[in-house]
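Convention: sequence-line order gives letters A, B, ...; per-chain numbering from 1.
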Number of protein chains: 2
Amino acid sequence: MLVPVVELQRERHRGRGLRADAERNRERLVKAAQSVFAEGGLNVALDEVATRAGVGIATLYRRFPTREELVAAAFEAKLTDYAVAAEEALTRRDPWDSFVELVERICAMQADDRGFTDLITMSLPPAKHSAELRDRGRRAAMKVIGRAQEAGALREDLVLEDLALLLMANAGVVRATRDVAPHAWRRWLAFMLDGLRVAPRGAFRPGPMPAPPTPAQMARILNGNVLTQGGAGPVHE
Amino acid sequence: MLVPVVELQRERHRGRGLRADAERNRERLVKAAQSVFAEGGLNVALDEVATRAGVGIATLYRRFPTREELVAAAFEAKLTDYAVAAEEALTRRDPWDSFVELVERICAMQADDRGFTDLITMSLPPAKHSAELRDRGRRAAMKVIGRAQEAGALREDLVLEDLALLLMANAGVVRATRDVAPHAWRRWLAFMLDGLRVAPRGAFRPGPMPAPPTPAQMARILNGNVLTQGGAGPVHE
DNA sequence: GGGAATACGGAGGCCGTTCTCCACTTTTAC
DNA sequence: GTAAAAGTGGAGAACGGCCTCCGTATTCCC
């Protein structure tokens, strides 16, 4: 039985089965996308990405049929950084400092990457590594939170979803202030962290503490904020 | 000397010099814009506004040559609400409650009006009333802050610009969560307020307190975030 | 080197939005 | 009632971004 050439050519380069020139172009596209998204957010015209990569627009679409796939590829590296940041934070001695470092590093990542800022409120198509990376980051973040709470430094009622809320808030600050006052978010975050630190307070606030979104709600939030005009947007539909 | 008819017709209705039908259409447009912006944010297609007002698109452009002018007209009422909210907050007995009420009311306004959420990070063309209204709100808000600080309830280092930062943060939370968890912002705000309340803290935070944006910076921030894609856009740049 | 498979790029169609032009209608003042 | 002024709406031009088609070029394997 005749084996088609296509079979023989499988798994050629990097296990992706791409021709050498195709693989080269793919890498260029990802690099271009990283810088373009960082500068202009997730809703930039894809033309720009192709141009900066030095390839035709068709090549971009051939390799990444949807914007989501390109975004996913472009941010795989950042996603790793995220997981690493969470794990590194864990190595700090002081549990509260550990928490602060985690939060500050992610916020800083938002501050110098418009695309990453946008990404915070969106979910990506489940790529091979990305789900695993997210989980790594999630697990480490939960450990950081738990440790800070056990040490009596972080308020007991804080849950992982609150971290997402915090990042959405930071996204709002960063989006508005980045160009003019690129460190404004640090001040805001300082206030915020003071609110998360344990201390004799809370008795002062009237009314009961509102509940955090459930994990299911969070999932729907993320899925609902799909890539469009941005939304930002002010990403809007 | 012949006096042109146009002279005689000046100051006809409401001091705007519009023909009766034109004035009627103007009002319809403003009403339509209010609801359309509230539902879809500041970047909706203007077609939709004209359609909902029951007028042609040309009429919209004739009356409001730029999107900004329409936005300004549509939000004059909300701007009043804002000033009133600040003044009403002042009537509370407890200075801290007064501050909390102010902040919560503005955040709530953001939460149920996408357009208002977008507006927070933008400046409007200086319309007749709006500058005056903004000032009214500003003055009242400063009084609320000052009173709460004198009472020893609000942290001394908080300035008016921090309130803007807070609203930008809330915009971020609200934009992401509105559809799915419309009260998530309240939880976030509770944390935030705990950070603004005076208590034995701050000593715990490493490093100096970052400075707030200067008023001049704030002005540039607002002017820089012009109406575009969003803004969304996630509206951007 | 040669043929098959794979990849390339840009021209061009599509679509939604912005904004203008102009022939027609309504209002106004007298 | 009438003429001038003011206002109207919708067709369509212009624009920008999205995405595909297809003739040409490159790579791969033998």
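- For B:R19, the side-chain atoms get nearest to C:dT28 when compared with the rest of C:dT28, C:dG10, D:dC18.
- For the OP1/OP2 pair of D:dG17 and a distance below 4.0 Å, the side-chain nitrogens and oxygens of A:R67 include no atom meeting the criterion.
- Look at A:R24 and you won't find any side-chain N or O under 4.0 angstrom from OP1 or OP2 of D:dT26.
- Of the residues near DNA chain D, A:P65 and B:G56, the one whose nearest nucleotide (by heavy atom distance) lies more toward the 5' end is B:G56.
- The CD atom of A:E68 sits 12 Å away from the P atom of D:dC18 (whole-angstrom rounding).
- Ranking C:dG10, C:dT27, D:dC18 by closeness to the A:A45 side chain, first place goes to D:dC18.
- At whole-Å resolution of the value, CG in A:L18 and P in D:dT26 are 18 Å apart.
- At the heavy-atom level, A:A58 lies under 4.0 Å from base atoms of the strands shown.
- Dashed line: the shortest gap from a side-chain N or O of B:N25 to OP1 or OP2 of D:dT8 is under 4.0 Å.
- Atom-to-atom, CG of A:D47 to C1' of C:dG9 comes out at 12 Å; the value is rounded to the nearest Å.
- Taking every side-chain heavy atom of B:D21 into account, C:dT27 is the closest of D:dC18, C:dT27, C:dC19.
- Proximity of A:T59 to the phosphate of C:dG9: a side-chain N or O atom is located under 4.0 Å from OP1 or OP2.
- For A:Y61, counting side-chain heavy atoms from C-beta on, the closest listed nucleotide (C:dA7, D:dT20, C:dT18) is D:dT20.
- Between B:K31 and B:E27, none of the side-chain N atoms (NZ, or NE/NH1/NH2) sits under 4.0 Å from a carboxylate O, so this pair counts as no salt bridge.
- Contacts of B:R63 with the nucleic acid, taken as non-hydrogen atoms under 4.0 Å apart, involve only primed sugar atoms and P, OP1 or OP2.
- Protein atom CD of A:E48 is 14 Å distant from nucleotide atom C1' of D:dG16, rounded to whole Å.
- Regarding A:F64, its CZ atom lies at a distance of 16 Å from the P atom of D:dC18, rounded to whole Å.
- Look at CG on B:L46: it is 17 Å from P on C:dG16, rounded to the nearest Å.
- Atom CZ in A:R26 sits about 12 Å away from atom P in C:dA7, given to the nearest Å.
- Residue B:I57 contributes atom CD1, which lies 16 Å from atom C1' of D:dG7 at whole-angstrom precision.
- No side-chain heavy atom of B:P182 sits under 4.5 Å from any side-chain heavy atom of B:T177.
- Salt bridge status for A:R136 with A:E87: present, with a side-chain N to carboxylate O gap under 4.0 Å.
- Under a 4.0 Å N-O distance rule, the pair A:R52/A:D47 does not qualify as a salt bridge.
- For D:dG9, the OP1/OP2 oxygens have no side-chain nitrogen or oxygen of B:R62 closer than 4.0 Å.
- The existence of a salt bridge linking B:R105 and B:E101 is confirmed by a sub-4.0 Å separation between a basic side-chain nitrogen and an acidic carboxylate oxygen.
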